[in-house]
K.L.:
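Take this structure first; my questions come after.
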Amino acid sequence: MVILQTERLTIHPCSANDVTRLQQQHYDNGPEVQQHLMSIASDPSLLYWGSWLVMTKDGQVIGDIGFKGKLDIRQAVEIGYGLLPAYLNQGFATEAVLALIEWAFEQTEVTGVLAKTESTNQASIRVLEKAGLIQVGSDNQYIMWERMKRV
């Protein structure tokens, strides 16, 4: 299994092996992880294209990050992320997003990484800007972002 290491974090694809850890730590940061676990049970090829756990070096789960499914028609993937409130505004989200984008671009078939954030979510906007994504569209509620792989 792929495990990403950053200066402060360990990031790995969430699998059935993580259920006990998530239960012991009472981790509940939205429905994405549970939906991902159900998806990979029926389609194991989704393992890397769904939720990844973001943990401190000592194994504390502080959030999740991942892709919203496999590559689209342009060979791009949409990234999403969320951290527990106690870990916000400390650079963890940017660190995790940069690591996962780097991993995605190491996959030869991936041409770009996409994201969508609420137009009022200034913290998420800063994370995406720091991760090198650029705004490519918006509506009354959301800003669409992308970062294309350099060849």
Side-chain angles (χ1 to χ4, degrees), residues 1-19 21-22 27-56 61-84 87-151:
M1 177 179 295
V2 173
I3 297 175
L4 307 178
Q5 299 286 342
T6 68
E7 182 181 336
R8 301 178 294 165
L9 302 171
T10 298
I11 306 163
H12 75 263
C14 185
S15 72
N17 296 335
D18 295 302
V19 171
R21 175 196 310 262
L22 295 170
Y27 181 77
D28 182 17
N29 197 31
E32 293 82 10
V33 170
Q34 195 62 31
Q35 290 170 349
H36 169 70
L37 290 172
M38 289 188 297
S39 296
I40 61 172
S42 60
D43 182 359
S45 73
L46 290 169
L47 176 64
Y48 295 106
W49 305 110
S51 295
W52 295 52
L53 297 181
V54 178
M55 298 176 292
T56 57
V61 179
I62 65 168
D64 56 272
I65 187 171
F67 301 109
K68 297 181 179 182
K70 293 182 180 180
L71 303 171
D72 68 11
I73 195 163
R74 299 183 325 161
Q75 299 297 96
V77 289
E78 184 177 349
I79 197 169
Y81 50 90
L83 297 180
L84 296 173
Y87 299 95
L88 297 175
N89 300 312
Q90 298 175 53
F92 291 120
T94 302
E95 195 170 322
V97 167
L98 284 167
L100 200 57
I101 289 173
E102 183 179 320
W103 177 85
F105 284 163
E106 289 171 357
Q107 312 315 302
T108 55
E109 68 273 22
V110 175
T111 62
V113 173
L114 312 174
K116 179 170 79 173
T117 187
E118 292 182 356
S119 56
T120 57
N121 188 339
Q122 291 302 314
S124 194
I125 289 169
R126 282 193 310 276
V127 167
L128 295 173
E129 289 172 341
K130 289 178 186 176
L133 281 82
I134 58 168
Q135 292 184 28
V136 293
S138 63
D139 59 24
N140 289 338
Q141 189 174 3
Y142 294 104
I143 301 171
M144 280 59 80
W145 301 80
E146 75 176 19
R147 177 174 163 188
M148 302 311 289
K149 182 192 287 188
R150 294 185 181 97
V151 283

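As a basis for the values below, the full set of heavy atoms in this structure was taken, side chains included, without hydrogen atoms, waters or symmetry mates. Predicted model only: the values in this text are computed from it and were never measured.
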K.L.:
If I take atom CG from residue Leu4 and atom CG from residue Leu98, how far apart are they, to the nearest 0.5 angstrom?
P.N.:
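Taking CG in Leu4 and CG in Leu98, the distance rounds to 12.0 Å.
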
K.L.:
Looking only at atom types and distance, does a side-chain atom of Lys68 sit under 3.5 Å from a main-chain N or O of Gly50, one as donor and one as acceptor?
P.N.:
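Not a single qualifying donor-acceptor pair exists.
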
K.L.:
Is any side-chain heavy atom of Met1 closer than 4.5 Å to one of Tyr48?
P.N.:
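SC-SC contact between Tyr48 and Met1 confirmed.
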
K.L.:
Side-chain donor-acceptor pair under 3.5 Å between Asp18 and His12, yes or no?
P.N.:
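A donor-acceptor contact under 3.5 Å links the two side chains.
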
K.L.:
Find out whether Asp72 and Val77 are in side-chain contact, i.e. whether some heavy atom of one side chain is under 4.5 Å from a heavy atom of the other.
P.N.:
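When only atoms from C-beta onward are counted, Val77 and Asp72 do not touch, as no gap falls below 4.5 Å.
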
K.L.:
Take atom CD in Glu109; do more than 12 heavy atoms of anything else shown fall under 6.0 Å from it?
P.N.:
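Correct, the count exceeds 12.
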
K.L.:
Could you tell me if the side chain of Leu46 sits less than 4.5 Å from the side chain of Lys70, heavy atoms only?
P.N.:
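Side-chain contact under 4.5 Å: yes.
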
K.L.:
If I compare all heavy atoms of Cys14 with all of Val33, which pair ends up nearest, and what's the gap?
P.N.:
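Heavy atoms only, the tightest pair is SG-CG1, 3.7 Å.
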
K.L.:
Take Val110 and Gln75 through the side-chain contact (heavy atoms from CB on, under 4.5 Å) test and state the conclusion after the steps.
P.N.:
CA-CA 5 Å; Val110 175; Gln75 299 297 96; over 6 Å; no

K.L.:
Taking the six-membered ring for Trp, are Trp52 and Phe67 parallel (under 30°), tilted (30 to 60°) or perpendicular (over 60°)?
P.N.:
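The rings of Trp52 and Phe67 stand perpendicular, inter-plane angle above 60°.
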
K.L.:
Is a side-chain donor or acceptor of Lys116 paired with a backbone partner of Met144 at a separation under 3.5 angstrom?
P.N.:
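A pair under 3.5 Å: no.
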
K.L.:
For residues Val61 and Leu22, determine if any side-chain heavy atom of one lies less than 4.5 Å from a side-chain heavy atom of the other.
P.N.:
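The answer is yes, as the side chains (C-beta and beyond) meet within the 4.5 Å cut-off.
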
K.L.:
Looking only at atom types and distance, does a side-chain atom of Gln107 sit under 3.5 Å from a main-chain N or O of Trp103, one as donor and one as acceptor?
P.N.:
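Here the side-chain-to-backbone pair exists.
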
K.L.:
I need the full list of side chain to side chain donor-acceptor pair (under 3.5 Å) pairs touching residues 128-140, with sequence neighbours left out, sorted by first then second residue.
P.N.:
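Sorted pair list comes back empty.
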
K.L.:
My understanding is that only residues two or more places apart in sequence, or in another chain, count here; which of them pass salt bridge (Lys or Arg N to Asp or Glu O under 4.0 Å) with Glu146?
P.N.:
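Only Arg74 meet the salt bridge (Lys or Arg N to Asp or Glu O under 4.0 Å) criterion with Glu146.
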
K.L.:
Any idea which heavy atoms bring Ala131 and Val97 closest together, and the distance?
P.N.:
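Smallest heavy-atom distance, with atoms named: CB-CG1, 3.6 Å.
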
K.L.:
Ignoring hydrogens and angles, tell me if any N or O in the side chain of Tyr27 forms a donor-acceptor pair with the backbone of Asp64 under 3.5 Å.
P.N.:
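The answer is yes, because a donor-acceptor pair under 3.5 Å joins these two groups.
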
K.L.:
Sequence neighbours excluded, which residues qualify as side-chain hydrogen bond (donor to acceptor under 3.5 Å, both in side chains) partners of Asn121?
P.N.:
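Partners of Asn121 by the side-chain hydrogen bond (donor to acceptor under 3.5 Å, both in side chains) criterion come out as none, since no residue qualifies.
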
K.L.:
Within the distance-only criterion (no hydrogens, no angle test), does the side chain of Thr117 pair as donor or acceptor with the backbone N or O of Ile143 below 3.5 angstrom?
P.N.:
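Answer holds: no.
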
K.L.:
Nearest heavy-atom pair of Ser119 and Ile125: which atoms, and what distance?
P.N.:
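In this case the closest contact between Ser119 and Ile125 is O-CD1, 3.7 Å.
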
K.L.:
State, without any angle test, whether Ser124 and Tyr81 hold a side-chain donor-acceptor pair at a distance under 3.5 Å.
P.N.:
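Result is yes, a qualifying pair exists.
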
K.L.:
Within the side chain of Asn29, is there an N or O that forms a donor-acceptor pair under 3.5 Å with the backbone of Gly82?
P.N.:
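Answer holds: yes.
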
K.L.:
If you take all heavy atoms of Ala93 and Val127, which pair is closest and at what distance?
P.N.:
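The answer is CB-CG2, 3.9 Å.
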
K.L.:
Is there side-chain contact between Ile62 and Leu9, with at least one heavy-atom pair below 4.5 Å?
P.N.:
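With C-beta onward as the side chain, the pair touches.
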
K.L.:
With rounding to the nearest 0.5 Å, note down the distance linking OG in Ser39 to CD in Gln35.
P.N.:
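Going from OG on Ser39 over to CD on Gln35, the span is 7.0 Å.
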
K.L.:
What distance separates Glu78 CD from Trp145 CH2, expressed to the nearest 0.5 Å?
P.N.:
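The CD atom of Glu78 sits 13.5 Å away from the CH2 atom of Trp145.
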
K.L.:
Is a side-chain donor-acceptor pair under 3.5 Å present for Glu95 with Thr6?
P.N.:
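There is such a pair between these side chains.
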
K.L.:
Apply side chain to side chain donor-acceptor pair (under 3.5 Å) to the pair Ser51 and Glu32, showing each step before the final yes or no.
P.N.:
CA-CA 7 Å; Ser51 295; Glu32 293 82 10; over 6 Å; no

K.L.:
If you define the side chain from C-beta out and look only at heavy atoms, does anything of Leu53 sit under 4.5 Å from Thr10?
P.N.:
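No, side chains not in contact.
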
K.L.:
Nearest heavy-atom pair of Leu47 and Ser15: which atoms, and what distance?
P.N.:
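Residues Leu47 and Ser15, closest heavy atoms: CD1-CB, 4.1 Å.
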
K.L.:
Has the side chain of Arg147 got a donor or acceptor atom that lies under 3.5 Å from a matching backbone atom of Leu114?
P.N.:
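Here the side-chain-to-backbone pair does not exist.
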
